[in-house]
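Only one structure is covered here, and it is reproduced in the block below.
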Amino acid sequence: MTEQRQAETPEARYDSEIVDVQRRMDETWAGDRPVDPSTYPYFNPDYRLPFKHIGLQKQLFLDNYILDELIDAERIVPPPQRAEPPLIEFENLPWERYHFTCVPAAALYDPDDRLFKMWYKTLVSGNTNTAQGTEVVLCYAESDDALHWRKPLREEFQPFQDNQKTNIVVRDFDNGTIVLNPDRSDPSRKFLAVYNPSMEATSRGQRVMSRVAASPDGINWHVISDDSPFRHHHQMRVIWDDAYKKWVGYSQASHAFASHLHVRTIGRQESADFINWSPKQIILSSDWDPNVGPNVEFHTMSVRKEGGLYIGIVEEAHGEHQWLVNRNGSNQRDQFHTKAALYTSRDGHRFFRADGYQPWADNGPPGSQYYGYFCHTVAGYLLHRGKMVIPCSAFPHKQRDTRPAGVSNHAPRLSAAASRRHIDDLTRHGIGSPMMDHVRPDLPIQRSIGAIVLREDGWAALRPKYEAGQVITKQFVFEGNALRVNADCAYGLIRVALLDSELKPYPGFCLEDSVPLHAPARQIWHQASWKDSPDLRLLWNKPVRICFSLLESSLYGFQFHYQPDTANEGR
């Protein structure tokens, strides 16, 4: 096969493709760039070959970016599982006596320590209905498998009252997140955090601060900035975006800061240095979609990126018939239960619902861990042995407010009384207060850190409508010398063909020559191969389609890559 190998290298995909195309569009529309008569009104990526370039990026099926035709096949968006028992349960430790605000700030894999690490915040003093005197701290936990977690109690952590051994790593930490810095030039900034030190902000006469801190180990932190000109707010979730070469943060564009518009929406900010953030731009609102009920608000969103696909988990607040009355007479809903919806994007700005209008991750039954407040997922995911784990808040009771008339942001008297009766009925029968802040050792289910669990890349599956079907992709140019497929073919078979511009198989790559994929369900990835082992590099710089023939099997994704023994050949 050596003499048949393609001498040229494949035209590479570049990460900033979508950003460069958008820039040319904006400049053309503004009159700063002349119209290109050869392509107008279209704006194509700057490639020599006029086809999609997928390079070595993983391709998933939540949108139609790579899909062209489904023949007797359909797309399914499977609901996730919920971790049972939850990942972090609150004990009767002195700094865990309140757990109203138990929210995961971040969870990630540290390749240096080979550990999964999680940071979560919890209330240690004060009252949740007033900022004065309330302190929220950041605690640390670690795991070997992303499902079973331990709280290391060490003297190197922050003391609490008379306790020298705790798992508290930062005091006065609210509404923030932590990332693993891809730039390792400064070891003291291996981890970065952005958060609101709410007690200090109050002492300074500020409503919110945006503090940035750094750490070499995720335990010992030092402040590097309090000066971001544009504040973040409400559970900031940050990813590094290779397309923009910037940090991108998603968080609630809070209803609490606009007296005329009390609707929770999703905002986006970006930063080149993790310190100076852009103004928050609203990118997603339930007001824009008539298929979302008028009582639904978008509470928070976490994002992860696979290749060029942004996957957003949006936690919806389903408001109830109770409004708070503000000092200026405006109203807002603050009694609700939450569930999750799934959204996708190709530019990180425009998100579209991927799972229809039924909940993607619904509440559990009454009395279950996820019944009331299924919210605050972290950015990204933790991957271990074919499972994706996404930590979240898991509360058996919803968010409610029973503050009486006469205080700021109060509930109308009749609504507050009705909500209070609900709490009293449950408490009277020994079930515990749905608004309880204190840990109750006698209660089997309390507020905790739970998780969404999916099969690796199990966001969407392509499967036959019944028994057999085919999937045909759009045309593309690829890199690599091997093709792997994420599939469940434990019972059935998958065959793979590579097609030319006339939808005919390239020589050696037809379905009849395909070695059928079939393996136990525990195997996630499968290597596509053909009889006589034709060299995939023969198809470099040629338009290719893939035809997947599915027989009682499910397809989740595919990816071209370089085999380890030839990783540098042809480059």
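Atoms considered below: every heavy atom in the structure, side chains included; atoms not considered: hydrogens, waters and symmetry mates.
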When the aromatic ring centroids of [X] and [Y] are compared, is their separation below 6.0 Å?
| X | Y | value |
| --- | --- | --- |
| Tyr14 | Tyr47 | yes |
| Phe351 | Tyr343 | no |
| Phe558 | Phe548 | yes |
| Phe560 | Trp540 | no |
| Tyr244 | Trp247 | no |

Atom pair [atom1]/[atom2] of [X] and [Y] - distance to nearest 0.5 Å:
| X | Y | atom1 | atom2 | value |
| --- | --- | --- | --- | --- |
| Asp36 | Thr28 | CG | OG1 | 8.5 Å |
| Thr473 | Phe61 | OG1 | CZ | 8.5 Å |
| Asp241 | Asp15 | CG | CG | 9.0 Å |
| Arg463 | Leu70 | CZ | CG | 13.0 Å |
| Ser501 | Arg545 | OG | CZ | 8.0 Å |
| Phe191 | Ile178 | CZ | CD1 | 8.5 Å |

Between [X] and [Y], is there a donor-acceptor pair closer than 3.5 Å when you use the side chain of the first and the backbone of the second?
| X | Y | result |
| --- | --- | --- |
| Ser286 | Val292 | no |
| Asn64 | Leu67 | no |
| Glu142 | Arg150 | no |
| Gln269 | Ser271 | no |
| His148 | Ala146 | no |
| Trp240 | Val248 | no |
| Tyr381 | Asp457 | no |
| Ser393 | His376 | no |
| Ser285 | Asp287 | yes |
| Thr39 | Tyr42 | yes |

Q: Go through the structure and list residues passing ring-ring contact (aromatic ring centres under 6.0 Å, His included) with Tyr506, not counting sequence neighbours.
A: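 Checked Tyr506 against ring-ring contact (aromatic ring centres under 6.0 Å, His included); zero matches.
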**Q.** For His526, all residues meeting ring-ring contact (aromatic ring centres under 6.0 Å, His included), sequence neighbours excluded
**A.**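 For His526 there are no ring-ring contact (aromatic ring centres under 6.0 Å, His included) partners, ignoring immediate neighbours.
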Q) When you look at NZ of Lys387, are more than 12 heavy atoms from neighbouring residues, nucleotides or ligands closer to it than 6.0 Å? A)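 Atom NZ in Lys387 is not crowded, with 12 or fewer foreign heavy atoms closer than 6.0 Å.
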Q.
Can you tell me which residue among Leu483, Ile66, Ile472 is in a side chain to side chain contact (heavy atoms under 4.5 Å, CB included) with Ile546?
A.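 With Ile546 as partner, side chain to side chain contact (heavy atoms under 4.5 Å, CB included) holds for just one option, Leu483.
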Q) Only one of Asp145, Leu454, Leu87, Val378 clears side chain to side chain contact (heavy atoms under 4.5 Å, CB included) with Val389; which? A)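 Single side chain to side chain contact (heavy atoms under 4.5 Å, CB included) partner of Val389 among Asp145, Leu454, Leu87, Val378: Leu87.
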Looking only at the side chains, is there a donor atom on one of [X] and [Y] sitting less than 3.5 Å from an acceptor on the other?
| X | Y | answer |
| --- | --- | --- |
| Arg484 | Gln559 | yes |
| Ser448 | Gln369 | yes |
| Ser251 | Lys280 | yes |
| Asn541 | Glu8 | yes |

Write down the atom of [X], the atom of [Y], and the distance for their closest heavy-atom approach.
| X | Y | result |
| --- | --- | --- |
| His337 | Asn363 | CD2-OD1, 3.5 Å |
| Gln563 | Ala482 | CG-CB, 3.6 Å |
| Ala243 | Lys305 | CB-NZ, 3.5 Å |
| Gly508 | Pro534 | O-CG, 3.4 Å |
| Arg353 | Ala341 | NH2-CB, 3.4 Å |
| Arg350 | Asp347 | NE-OD2, 2.7 Å |

**Q.** Test applied, side-chain hydrogen bond (donor to acceptor under 3.5 Å, both in side chains); reference residue, Thr300; option that passes from Glu315, Gln235, His234, Glu316
**A.**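 Only one of Glu315, Gln235, His234, Glu316 forms a side-chain hydrogen bond (donor to acceptor under 3.5 Å, both in side chains) with Thr300, namely Glu315.
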(Q) Can you confirm if the NZ or CZ of Arg82 lies within 45° of the ring axis of Tyr370 and under 6.0 Å from the centre of its six-membered ring? (A)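 Ring-cation test returns yes.
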Q | Distance under 6.0 Å and angle within 45° of ring axis: Lys52 vs Tyr65 | A |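 Positive - Lys52 is close enough to the ring of Tyr65 and near enough to its axis.
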Q | Those residues that, when tested against Glu306, pass salt bridge (Lys or Arg N to Asp or Glu O under 4.0 Å) (two or more places apart) | A |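 Glu306 satisfies salt bridge (Lys or Arg N to Asp or Glu O under 4.0 Å) with Lys58 once adjacent residues are dropped.
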Q.
Could you work out, with salt bridge (Lys or Arg N to Asp or Glu O under 4.0 Å) as the rule, every residue matching Arg304, not counting sequence neighbours?
A.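 Not a single residue meets the salt bridge (Lys or Arg N to Asp or Glu O under 4.0 Å) criterion with Arg304.
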Enumerate donor-acceptor pairs with a distance under 3.5 Å from any side-chain N or O in residues 105-114 to protein atoms, sequence neighbours excluded.
{"unit_1": "Asp110", "atom_1": "OD1", "unit_2": "Asp112", "atom_2": "N", "d": "3.0"}
{"unit_1": "Asp110", "atom_1": "OD1", "unit_2": "Lys190", "atom_2": "NZ", "d": "3.0"}
{"unit_1": "Asp110", "atom_1": "OD2", "unit_2": "Lys117", "atom_2": "NZ", "d": "2.8"}
{"unit_1": "Asp110", "atom_1": "OD2", "unit_2": "Lys190", "atom_2": "NZ", "d": "3.0"}
{"unit_1": "Asp112", "atom_1": "OD2", "unit_2": "Arg184", "atom_2": "NH1", "d": "3.1"}
{"unit_1": "Asp112", "atom_1": "OD2", "unit_2": "Lys190", "atom_2": "NZ", "d": "2.8"}
{"unit_1": "Asp113", "atom_1": "OD2", "unit_2": "Lys117", "atom_2": "NZ", "d": "2.6"}

Q: In sequence, state the C-alpha distance, the side-chain angles, and the governing distance for Arg33 and Asp26, and then conclude on salt bridge (charged side-chain N to carboxylate O under 4.0 Å, His left out).
A: CA-CA 9 Å; Arg33 175 188 289 266; Asp26 292 341; over 6 Å; no
Q | Under the side chain to side chain contact (heavy atoms under 4.5 Å, CB included) test, residues paired with Leu551 that sit two or more places apart | A |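 If we apply the side chain to side chain contact (heavy atoms under 4.5 Å, CB included) test to Leu551, skipping adjacent residues, the hits are Ala468, Leu493.
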Q: In sequence, state the C-alpha distance, the side-chain angles, and the governing distance for Asn175 and Lys121, and then conclude on side-chain contact (heavy atoms from CB on, under 4.5 Å).
A: CA-CA 9 Å; Asn175 291 331; Lys121 67 170 191 173; 3.4 Å; yes
Q.
What verdict does the side chain to side chain donor-acceptor pair (under 3.5 Å) test give for Glu17 and His53, after you've listed the backbone C-alpha separation in whole Å, the side-chain angles of each residue and the deciding distance to 0.1 Å?
A. CA-CA 10 Å; Glu17 169 193 305; His53 283 52; over 6 Å; no
